K.L.:
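Right, I'll just put the structure down here and ask away after.
Here the structure is a predicted model, which is why all the values come from computation and not from measurement. Atom set for the values below is all heavy atoms of this structure, side chains included, hydrogens, waters and symmetry mates excluded. For the single chain, residues carry numbers from 1 onward in sequence order.
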Amino acid sequence: MPNIGIPGLILVLIIALVIFGPSKLPQLGKAVGQTLKEFKTSTRDIINDEEKDDKKLEDSEKEKKI
């Protein structure tokens, strides 16, 4: 995904302001923020689960060698 930059970001904000209006924009921002937070948390949980599974697999392989 290419970098948007400051002018592109300003354009997106102006379009959002025109489409949603000034009263809905804070609600929209809050919803987007919460969605990104949940996505980040879920991603972190999945990565931690995979790391735990990998460690368990390595430990069981070490036990089999002994």
K.L.:
Partners of Ile6 by side chain to side chain contact (heavy atoms under 4.5 Å, CB included), sequence neighbours excluded?
P.N.:
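Residues passing side chain to side chain contact (heavy atoms under 4.5 Å, CB included) with Ile6: Ile10.
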K.L.:
Can you tell if the side chain of Ile15 reaches within under 4.5 Å of the side chain of Leu11, non-hydrogen atoms only?
P.N.:
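Side-chain contact under 4.5 Å: yes.
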K.L.:
Under a single-linkage definition using a 4.5 Å side-chain heavy-atom cutoff for Ile, Leu, Val, Met, Phe, Trp and Tyr, are Val12 and Ile14 assigned to the same hydrophobic cluster?
P.N.:
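No, Val12 does not connect to Ile14 through the hydrophobic network.
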K.L.:
Between atom CG of Asp53 and atom CD of Glu50, what is the distance when rounded to the nearest 0.5 Å?
P.N.:
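Answer for the CG-CD pair, Asp53 versus Glu50, is 5.5 Å.
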K.L.:
Closest approach of Thr35 and Ala31, non-hydrogen atoms and distance?
P.N.:
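Residues Thr35 and Ala31, closest heavy atoms: OG1-O, 2.8 Å.
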K.L.:
Rounded to the nearest 0.5 Å, how far apart are CG of Leu25 and CD1 of Ile19?
P.N.:
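One finds 10.5 Å between CG of Leu25 and CD1 of Ile19.
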K.L.:
Answer yes or no: is there a side-chain heavy-atom contact under 4.5 Å between Asn48 and Glu51?
P.N.:
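SC-SC contact between Asn48 and Glu51 confirmed.
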K.L.:
As an exercise, state the distance from CD of Gln34 to NZ of Lys37, rounded to the nearest 0.5 Å.
P.N.:
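Atom-to-atom, Gln34:CD and Lys37:NZ are 8.0 Å apart.
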